[in-house]
Amino acid sequence: MTSPHSLLHRLPVALLFLALATTLGSTAVRAESGPDGMPGEKTFRIICQSCHLESLDLAAAGPDGDSALAAPPMDWLSTAIRMRQNNDEAEFVGHVVSYLRLPGLERSLLPGDVIARHGVMPPISEYGPELTYDDLTAVASWIYGHYNYKKLLPQLQKHLQSRQGSSQ
């Protein structure tokens with residue numbers, strides 16, 4: 001039988017583990033959340049998709065098919081960034097979060113003609129001032145996981161080559 005004294009002695013340790021588990025649990029939930037607990041996908045659809053189409057058929061669009069868009073379509077944008085980041089998820093997410101917080105021409109990984117056509121993105125705080133670091137991480141992680149890089153990469157490369165050929 002356990003004495004009351006030994007239970008009291010273990011209580012602080014049990015409370016510490018409970019607090020740690022609660023903190024880790026809420027962090028995991030928060031990392032997948034956006035504003036008001038929205039997951040990364042919902043945040044993308046509400047905030048990011050106001051400028052970025054989710055996808056654009058590059059073959060059907062032709063070399064200048066995205067010219068009328070406010071921003072590059074997300075499928076090829078994510079593929080272009082992944083291509084420059086050697087398809088490394090941590091580098092992709094880190095770059096996207098950092099760029100969203102402080103965009104700039106010198107930090108962009110896109111070709112110059114794309115920047116000339118669409119401009120540099122304003123800071124995400126102009127669109128979603130309530131977005132936290134965890135919210136941005138959730139969105140970047142969702143974007144990374146949502147698009148089929150192996151399928152989209154050859155399409156993007158072909159599109160980029162067709163643009164180079166049409167500009168000569």
Would you check, one step at a time, whether the test side chain to side chain contact (heavy atoms under 4.5 Å, CB included) holds for Ser55 with Trp76? CA-CA 7 Å; Ser55 65; Trp76 88 257; over 6 Å; no
Verdict with supporting geometry, His95 and Leu109, side chain to side chain contact (heavy atoms under 4.5 Å, CB included): CA-CA 9 Å; His95 172 76; Leu109 297 179; 3.6 Å; yes
Test side chain to side chain contact (heavy atoms under 4.5 Å, CB included) applied to Val139 and Cys48, step by step: CA-CA 9 Å; Val139 171; Cys48 308; 4.0 Å; yes
List the steps and the verdict of side chain to side chain contact (heavy atoms under 4.5 Å, CB included) for Ile143 and Ile81. CA-CA 11 Å; Ile143 291 169; Ile81 295 169; over 6 Å; no
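Side chains of Pro123 and Pro103 form a contact here, defined as non-hydrogen atoms less than 4.5 Å apart. Tyr99 has its side chain within reach of Ser108: a pair of non-hydrogen atoms, C-beta onward, lies under 4.5 Å apart. For the pair Gln49/Leu53, no side-chain contact is recorded, criterion being any heavy-atom separation below 4.5 Å from C-beta on.
Taken from CG in Leu156 to CG in Leu77, the straight-line distance is 10.0 Å, to the nearest 0.5 Å. In this structure, OG1 on Thr79 lies 10.0 Å from CD on Gln157, to the nearest 0.5 angstrom. Atom CD1 of Ile47 sits about 12.0 Å away from atom NE2 of His52, to the nearest 0.5 Å. The distance from the CE atom of Met121 to the CD1 atom of Ile115 is 11.5 Å, given to the nearest 0.5 Å.
In this structure Arg45 satisfies the salt bridge (charged side-chain N to carboxylate O under 4.0 Å, His left out) test together with Glu41, Glu54, sequence neighbours excluded. For Tyr147, there are no ring pair (Phe, Tyr, Trp, His ring centres under 6.0 Å) partners two or more places apart in sequence or in a different chain.
Minimum heavy-atom separation, Leu136 to Arg101: CD1-CG, 3.5 Å. Residue Asp75 comes nearest to Leu56 through the heavy atom pair OD2-N, 3.1 Å, listed as atom of the first residue, atom of the second, then distance. For the residue pair Asp135 and Leu131, the shortest heavy atom distance occurs at OD2-CA, 3.3 Å.
Remark: the Asp134 side chain and the Thr137 side chain contain no N/O donor-acceptor pair separated by less than 3.5 Å.
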Side-chain donor-acceptor pairs of residues 86-93 under 3.5 Å, sequence neighbours excluded:
| residue | atom | partner | partner atom | Å |
| --- | --- | --- | --- | --- |
| Asn87 | OD1 | Arg82 | NE | 2.6 |
| Asn87 | OD1 | Arg82 | NH2 | 2.8 |
| Asn87 | OD1 | Tyr144 | OH | 3.3 |
| Asp88 | OD1 | Ala90 | N | 3.2 |
| Asp88 | OD1 | Glu91 | N | 2.8 |

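Side chain of Ser98 to main chain of Gly94: no donor-acceptor pair is present (N/O by atom type, distance under 3.5 Å, no hydrogens or angles). No donor-acceptor pair closer than 3.5 Å links the side chain of Arg117 to the backbone N or O of Pro72.
Leu105 and Leu100 fall within a single hydrophobic cluster, where Ile, Leu, Val, Met, Phe, Trp and Tyr are joined by side-chain heavy atoms under 4.5 Å apart, directly or via other members.
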